[in-house]
Structures are given as C-alpha cells and as structure tokens.
Amino acid sequence: MTTKGYLGIDAGTQGLSVIFANQALEVLGTGECEYGMVPDLNEGCYEQLPADWDAALKSAMSDLRGKLAANHPDFEVLAIGISGQMHGEVLADQDGQSLGPVRLWCDSRNEEEGHELTERFGVKMPKRITSARWLWTIRNQPEKAKAARHMTTPAGWIAFRLTGQWNLGIGDAAGMFPIDQSTKDYDSALLDSFDALVADDNTTPLRDLLPQVRCAGQEAGCLNHTGTVLLDLLEGIPVAPAEGDQPAALAGSLIGNAGMVSVSFGTSVCANSVGDRVFKGVSDAVDHFCAPDGKPINMVWLRNGTTYMNSIVEMLNVDRRAGFAAIMPKVLEANPDCGGLLALPFMDDEPGLGVGRGGTAMIVGLNDTNATPGNVVKAALLSTMFNLKLGSEVLDAQGFPRTELILSGGLTKTPELGQILADVFDTSVTLLDSAEEGTAWGAALMAKFRHEKLADNNEEWSEFLTRHTASKQIRYQANAAAVAQYEAVYERYKRLMQVQRQLDDAVAKSE
C-alpha cells in the first residue's frame, strides 16, 4: 500500500537532512549527508560549494529510501518543503550557473558594511545579512559582482535547482534585505537607498537580483526535470516557499501568534518572538526577520549559551553525561539565590550586551558553605537566562507581548529546568513533543500547508499551526513566590553586569 506524505529538506551548516512524514506529520524516515567548508581559507572566512548541496540531496534521499524500504517501500510525496541556513550569499549568472563558493552566515568579512548600512537605513543590518555581504562583494570582488544576475540563499538555491524558479519564503528573504510589513515585500525605499549607494552601470541593481518574496502557502513552483534527478521523484510535485532555518524552526515549534516566543537553549541561545507590529529604532540586542506568513519576528541571540555550564559540569565530573545525571537533581534542589553565588558566562564575546571579548566567565561570592555543585552549576545556568532577559527587556520597553515560551534545544534533556525558565521570565513555558524534529519537520509542515492551499483551503497560517499543536506537551506555570526570589537575584546580576567591563579590564591588564 502506498504511504502518502510530505518531504522536508533542511540544509544546515554541517550537513543536509531529509525527512518523510505521513499525512498526520508523523516522521516515518530520515536521511542525512554531511559536507564541509571550502578548505584553507583565512580566519573568519566560511564558504561552501553549491555543488556539495546538490550531491548531499541525492545522497540523503538515497539514505532515506534505504530506511523506508522495510516498512514503507512505496511512498508518495504530496509536497516538498525546504529549510536552510540563513544569510548566505549565493550568486548565479543569467543561465542559473553558480558563480563559485558561497559565503555563509558565519563569514565575518562584511562587519563594517553591516554597520554602514545600519547607519544609512536606520534599521538593524547585522553583519550576516545577505545585502551587507553583497556590498562587500561589490567592493572587493567586482568581477564576480558584475557577472551576477541572481542572488539567493542556500534554501533558495535548492528551491531553484528543484523548480527552476527564483523565489524565496518571506522569512528567509528578510535575512537578505528588510521587509516592508505593509507590502510583504522588500522595502522599496531602502532598496532605492542601497542602489544609490552603489550606483554602477556594470552591476545589476540589488532589486533586480533578489528572489521574489513568497509567504507560506503561496505558489513557489513544482518539481522540474533537474529536481527529479536530484530527488528521484516524479516531476510536478508542488514545492512550498523555501525558508530559512529560523522561520522553519518557528513553524516546527507551532508558533504563529503574537506574544509566542521560541527559545532554543543550547551552546548558543536564540529567542524568536512573534511581534504584533514593527520594532522601532536599532538595538544591538535585537535582530529582525519574519515568520513564514510575514509576521515580524524579533530575535534576541546569545553567543554564550550552555557552554559555560557544560564546562563546569565537566570539571566536576569527567564524563559529561554521568555528570549531568548526577548534578541536575542538585541544581533543581538549589535555592534561587544559589546560596549567594552569581556567575558571568562570557567565555566568548557577547555583542548584543556590549561584552567585547571572551575570557571573563567567573563565579563570584564563593564561601565555605555555598560552594556546592548544585549552587555553582545553577548560578552558571541562571547567568545565561538572565542575559536572555536583559536582551528581552528591549522588547518589553516597547510593549511587545510575551505570552508563552516554547522551549527546545539541549535544556529539554532535563525538562524540569523549564520551571526555572518560567519563574525567571514570569511566563509559562511549554515543551512540545515535536521539538526534537527541528527545522526539517518545520519544512514538512510548510509542505503540508502548501498542499492544502492547492485544495482551496482558506485557513490562515496561525490557524493551521494551532490545529497541529502537539497533543503531548509539558507545560510549566510561573510560581509567584519563586518569581519574586529570582527577580531579586536578577537585580543583583544587573549590578554585576554594570562592572563587567572593569572586571574585564582588570583581567586584561594582568595578562
């Protein structure tokens, strides 16, 4: 019997994965293929080859078929969804041929261009946004810039290879250039400003290079001949608008309404909050893009996530897994004030909070009664939660709603830690049973939405997500007494942050 369902594709920084989910969006099989960076580049330079993504698609699909062979040998893909690492700069010529290696989101060569465009536009333009990369390319690789006729992201490139069309989901498009919420398209006035900055008869204007913007459910092409070769599927299968990994993660966490916040808590921390209006001004702590349906998203991102806490656990116990199993119960038992301990987690710099360099991670307040594993590890964990709260206060100041935190990432391995997060933010925390599937599952979800739109389903994106809310979920409600205790510790933490630069200077002068 044929098993019908949806294919989700996710092209990450280290490899590509595919999943096949049935019509109830239960994952029946997965496939993977790794790839690497272009070797021997200078420090801060990160590039990949589009040809490697093509090869990974074929390999991952072969892996998927092998895993489906036993129980679902005959499967039918109703629609395809695509997710990929945001902010890459994929350039192609008039014939759709790649112009060589792609600079990725983590490539740091265009930091100055990001600052320049932020000042010019009055809109946050982080160094990783694709248009800042393009400005760098025009100035530093002029021959490549002159040859470019199309620009897209890794997800957009895969979509082009599968459909022959140059379009992109609005969330990923917002990672290329700012979106005008009134038109759900690139900001025309800012495009005029950009093109005036780099006016050159030999270079295609940015507005003519960028892919067409599509919202979730809209037409984005069907599988063409090239796509059938790459995926070994039948021609004509509809493809959903390709999205970036962050919008796809929002989809995978079933987040669609204003006030809902997706919090991924791992070695880095990312909180994506659905807004009810456009953010005003520029903040170092907050970046901006869009959800798959175009709603504005405010992102607070921390470079310093759980790495500091993990390092302390490893110091206390050589085996991290055994260490966590032994220490997490003690962390849960520790008082909110950690016996008077405070920590700073800055093993790396934290630009959004004005921390210019790493190496100032520390525990302060140790004495002979509070120096316990539970207190020390909990202080390290709280420092990251407090930093996330510091960044989020920028949104609080503008009155953005925060109704629910949906938690994913490494912290979910100890679900009870969700209670601490709920108390720190005085906001309910939810763990979904679908969270572990990640962005590829979000891509499959977008594929299903596109498939249903073809059947004249007029349901809105947020309604669609609500309908698919997981039946199994863990929810933690804030405890009023604990909220007050954590707030007192947070106020002490903010005072410590005020002297962080002095502490850093003291450390630097002693080197």
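- In summary, the side chains of Q246 and N272 do present a donor paired with an acceptor at a separation below 3.5 Å, with no hydrogens or angles considered.
- The shortest heavy-atom contact between V274 and G256 is CG1-O, 4.2 Å.
- Distance alone, capped at 3.5 Å, places no donor-acceptor pair between the K448 side chain and the Y6 backbone.
- Other residues, nucleotides and ligands place more than 12 heavy atoms under 6.0 Å from the NZ atom of K184.
- Residue I19 holds its CD1 atom at 8.5 Å from CH2 of W441, rounded to the nearest 0.5 Å.
- How far OH of Y476 is from CD of E416: 5.0 Å, rounded to the nearest 0.5 Å.
- Shown here is R139, whose CZ atom has more than 12 heavy atoms of other residues, nucleotides or ligands within 6.0 Å.
- Rounding to the nearest 0.5 angstrom, the gap separating the NE2 atom in H468 from the CG atom in L254 is 8.5 Å.
- For the pair E113 and R103, the salt-bridge criterion is not met [side-chain N within less than 4.0 Å of a carboxylate O].
- Screening D505, D504, D348 for a salt bridge (charged side-chain N to carboxylate O under 4.0 Å, His left out) involving R357 leaves a single residue, D504.
- Within a 6.0 Å radius of CD in E463, other residues, nucleotides and ligands contribute more than 12 heavy atoms.
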message: Assess the residue pair F177 and L190 against the criterion (side-chain contact (heavy atoms from CB on, under 4.5 Å)); give the C-alpha distance rounded to whole Å, side-chain angles, the decisive distance to 0.1 Å, and a yes or no.
response: CA-CA 9 Å; F177 197 84; L190 296 185; 3.7 Å; yes

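- Residues that satisfy the side chain to side chain contact (heavy atoms under 4.5 Å, CB included) test with S193, not counting sequence neighbours, are R120, F121.
- Closest approach of L382 to C338, counting heavy atoms only: CD1-SG, 3.7 Å.
- Using a 4.0 Å cut-off between charged nitrogen and carboxylate oxygen, D337 and R492 do not count as a salt-bridge pair.
- Closest of all the heavy-atom pairs between A258 and D276 is CB-CB, 3.9 Å.
- Ring pair F464/F449 is tilted by interplanar angle, where 30° to 60° counts as tilted.
- Shortest non-hydrogen contact noted between D172 and P247 is N-CG, 4.2 Å.
- With respect to E491 and K494, a salt bridge is recorded, a charged nitrogen being found less than 4.0 Å from a carboxylate O.
- From R402, atom CZ reaches atom OG1 of T427 across 4.5 Å, with rounding to the nearest 0.5 Å.
- Between F279 and F400, the ring planes are parallel. Angles under 30° get that label, and only those over 60° would be called perpendicular.
- D180 places a side-chain N or O within 3.5 Å of a backbone atom of S182 that can act as its donor or acceptor partner.
- A pairwise comparison of heavy atoms in P101 and L49 identifies CG-CD2, 3.8 Å as the closest pair.
- Across G81 and A447, no two heavy atoms sit closer than the pair N-CB, 3.4 Å.
- Within a 6.0 Å radius of CH2 in W136, other residues, nucleotides and ligands contribute more than 12 heavy atoms.
- A salt bridge links K67 with D63: the closest approach of a Lys/Arg side-chain nitrogen to an acidic carboxylate oxygen falls below 4.0 angstrom.
- Q85 and Q48 share a side-chain donor-acceptor pair at under 3.5 Å.
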